[in-house]
Novice: 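This is the structure I want to talk about, given as structure tokens.
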Amino acid sequence: ADTWKADNLIYDNDSELTAQRPLEAAWFDSVVRTKFGGRTWELRFWTKPSFEAATRRGASLWVGGAGTLISLLLFGVAWSLSHTRERALAMAADMTRTLRATNDRLQTEIREREQVQRRTATQHAVTRVLAEATTLPEATSKIVQAICESLGWDIGAFWQVNASTNQLHCVEFWRRPGLEAAEFESDSRNRTFAKGVGLPGRVWSEAKPAWIPDVLQDNNFPRAPFAAKTGLHGAFGFPILLGTELLGVIEFFSREISEPDEGLLGMMTAAGSQIGQFIERKRSEEALKHSEAIYHSLVESLPLAIVRKD
């Protein structure tokens, strides 16, 4: 039959439900047709209201449970990602610290290597000047210039003790080409220092190297106004010694504030002794020449014939 009618209904397991509720209202409705005995038989299945109500409750519970499960899964994923990010950030920070420390060590090694190279070049330059110079003024001028150029300092000056006044006075002054330091040079050349006064006097008094990180902040630096005009800051000086006798002082200046370099000061102490020996040798040579000149003058002025046997 193509239509569902009560008069051709053979069996109904719940005829009361069928009469009270249209089949179209059911959630599920299935029809199976088959031919038997020359007739078409139709089997129809549909959901009952009680099943549908139970299904609704089960679906709600299922949806709620699924939602809870999904929330837990999302929380787990978020927690995992968060901890993974924290671990990644911690690893990145640790790598950054390691790289920074490695870079600092590398930079320190490079600076130390450069310092050693500059000191070696300075020692060679001083030795070469002392070997080639024929006069004391020539040697002092070239030594000041060589040390400045090797170490990268801007100004150098050589101070010598005047025996008659017992004061230090400037006998040589060198400045880097292009540096405006005329007033500082003029004041240095026209100034004298007693023991303990200024950088040269301090070196003389202590008979050892002295370092000033910033001459503009030093209370014992009379040339500070002229140094400020030139832009000078860092300075160091070392004595020229022959045994315990001080023959002079060499000082250097930089336009940068610089902290003491003990290795450099130690090297300059040795250079000071080397220069002191050179000065003494030149003095002896000059004294010998002078005595020979007097001798020859005396011989030539005498009327007698004198024979010298070597």
Side-chain angles (χ1 to χ4, degrees), residues 113-163 167-177 179 181 185 188-189 192-193 198-212 234-254 258 260-293:
R113 187 177 297 113
E114 290 176 346
Q115 289 176 348
V116 171
Q117 291 174 348
R118 286 197 297 267
R119 293 170 189 169
T120 302
T122 302
Q123 288 177 325
H124 290 166
V126 171
T127 301
R128 184 174 63 254
V129 169
L130 296 179
E132 297 175 354
T134 57
T135 65
L136 181 58
E138 177 190 357
T140 55
S141 175
K142 290 184 177 180
I143 285 172
V144 172
Q145 179 180 351
I147 294 176
C148 281
E149 291 178 340
S150 299
L151 298 178
W153 289 72
D154 298 301
I155 288 177
F158 184 89
W159 298 78
Q160 201 167 24
V161 178
N162 187 319
Q167 299 272 328
L168 282 168
H169 65 283
C170 181
V171 295
E172 291 294 340
F173 189 98
W174 183 91
R175 53 178 164 163
R176 182 177 54 78
L179 179 64
E185 179 179 355
S188 297
R189 288 187 180 277
T192 60
F193 286 107
L199 177 57
R202 186 184 312 179
V203 175
W204 185 10
S205 174
E206 298 177 358
K208 65 180 182 180
W211 191 290
I212 303 177
F236 79 92
F238 64 93
I240 306 301
L241 296 173
L242 181 63
T244 59
E245 179 189 0
L246 186 131
L247 304 178
V249 173
I250 301 181
E251 63 177 0
F252 300 93
F253 297 91
S254 170
S258 54
D261 185 341
E262 297 300 332
L264 175 61
L265 293 180
M267 186 197 75
M268 289 294 101
T269 299
S273 298
Q274 187 179 3
I275 297 170
Q277 293 172 4
F278 170 84
I279 293 175
E280 179 62 19
R281 185 171 68 251
K282 289 301 176 182
R283 284 181 176 178
S284 299
E285 292 175 358
E286 291 296 327
L288 179 60
K289 289 180 181 180
H290 181 67
S291 63
E292 287 181 348

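If you read the sequence from its start, that first residue is 1, and numbering goes on from there.
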Novice: Does the pair F193 and W159 meet the rule for a ring-ring contact (aromatic ring centres under 6.0 Å, His included), with working shown?
Specialist: CA-CA 9 Å; F193 286 107; W159 298 78; 5.1 Å; yes
Novice: Measure across L130 and R281 and return the closest heavy-atom pair with its distance rounded to 0.1 Å.
Specialist: O-NH2, 4.1 Å
Novice: First locate atom CZ of F158, then atom CZ of F173, and finally report the distance between them rounded to the nearest 0.5 Å.
Specialist: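 With rounding to 0.5 Å, CZ (F158) is 15.0 Å from CZ (F173).
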Novice: Do you know which two heavy atoms are closest between C148 and G156, and how far apart they sit?
Specialist: SG-N, 3.6 Å
Novice: Does the T127 side chain pair with the main chain of Q123, one donor and one acceptor, at a distance under 3.5 Å?
Specialist: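 Present.
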Novice: Show the nearest heavy-atom pair for residues I143 and I250, with the distance to one decimal.
Specialist: CG2-CD1, 4.2 Å
Novice: How far does SG of C170 sit from CZ of R189, to the nearest 0.5 angstrom?
Specialist: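 So the gap between those two atoms works out to 5.5 Å.
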Novice: With a 4.5 Å heavy-atom cut-off, do V129 and F278 have their side chains touching?
Specialist: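 No, every pair of side-chain atoms sits at 4.5 Å or beyond.
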Novice: So how far is it from L151 CG to D261 CG, rounded to the nearest 0.5 Å?
Specialist: 9.0 Å
Novice: Run the side-chain contact (heavy atoms from CB on, under 4.5 Å) test on T140 and Q160 for me, step by step, so that the C-alpha distance in whole Å, both residues' side-chain angles and the decisive distance to 0.1 Å come before the verdict.
Specialist: CA-CA 10 Å; T140 55; Q160 201 167 24; over 6 Å; no
Novice: Would you please test F238 and M267 for side-chain contact (heavy atoms from CB on, under 4.5 Å) and show each step?
Specialist: CA-CA 10 Å; F238 64 93; M267 186 197 75; over 6 Å; no
Novice: Enter the distance from E280:CD to L247:CG here, rounded to the nearest 0.5 Å.
Specialist: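 Rounded to the nearest 0.5 Å, the CD-CG separation comes out at 7.0 Å.
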Novice: When you look at F252 and L264, which way does the side-chain contact (heavy atoms from CB on, under 4.5 Å) test go after all the steps?
Specialist: CA-CA 12 Å; F252 300 93; L264 175 61; over 6 Å; no
Novice: Got a second to check how far Q145's CD is from S150's OG, nearest 0.5 Å?
Specialist: 9.5 Å
Novice: Looking at P209 and P239, what are the two nearest heavy atoms and their distance?
Specialist: N-CD, 3.7 Å
Novice: Ion pair present between E206 and R202, side-chain N to carboxylate O less than 4.0 angstrom?
Specialist: no
Novice: What closest approach, in Å, do W174 and D154 show between heavy atoms, and which atom pair accounts for it?
Specialist: CZ3-O, 3.8 Å
Novice: Just so I know, are the side chains of V203 and E251 near enough to count as touching, which here means a heavy-atom distance under 4.5 Å?
Specialist: no
Novice: Please work out whether the ring planes of W153 and W211 are parallel, tilted or perpendicular, with thresholds of 30° and 60°.
Specialist: perpendicular
Novice: Which pair of non-hydrogen atoms, one from I240 and one from V249, has the smallest distance, and what is that distance?
Specialist: CG1-N, 4.3 Å
Novice: Side-chain contact, heavy-atom cut-off 4.5 Å: V161 with L246?
Specialist: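 Heavy-atom side-chain distance check passes, below 4.5 Å.
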Novice: Is any side-chain heavy atom of T192 closer than 4.5 Å to a side-chain heavy atom of N162?
Specialist: no
Novice: Could you measure the distance from the CD atom of Q277 to the CG atom of L242? Nearest 0.5 Å is fine.
Specialist: 7.0 Å
Novice: Apply side-chain contact (heavy atoms from CB on, under 4.5 Å) to L168 and W204, showing your working.
Specialist: CA-CA 9 Å; L168 282 168; W204 185 10; 3.6 Å; yes
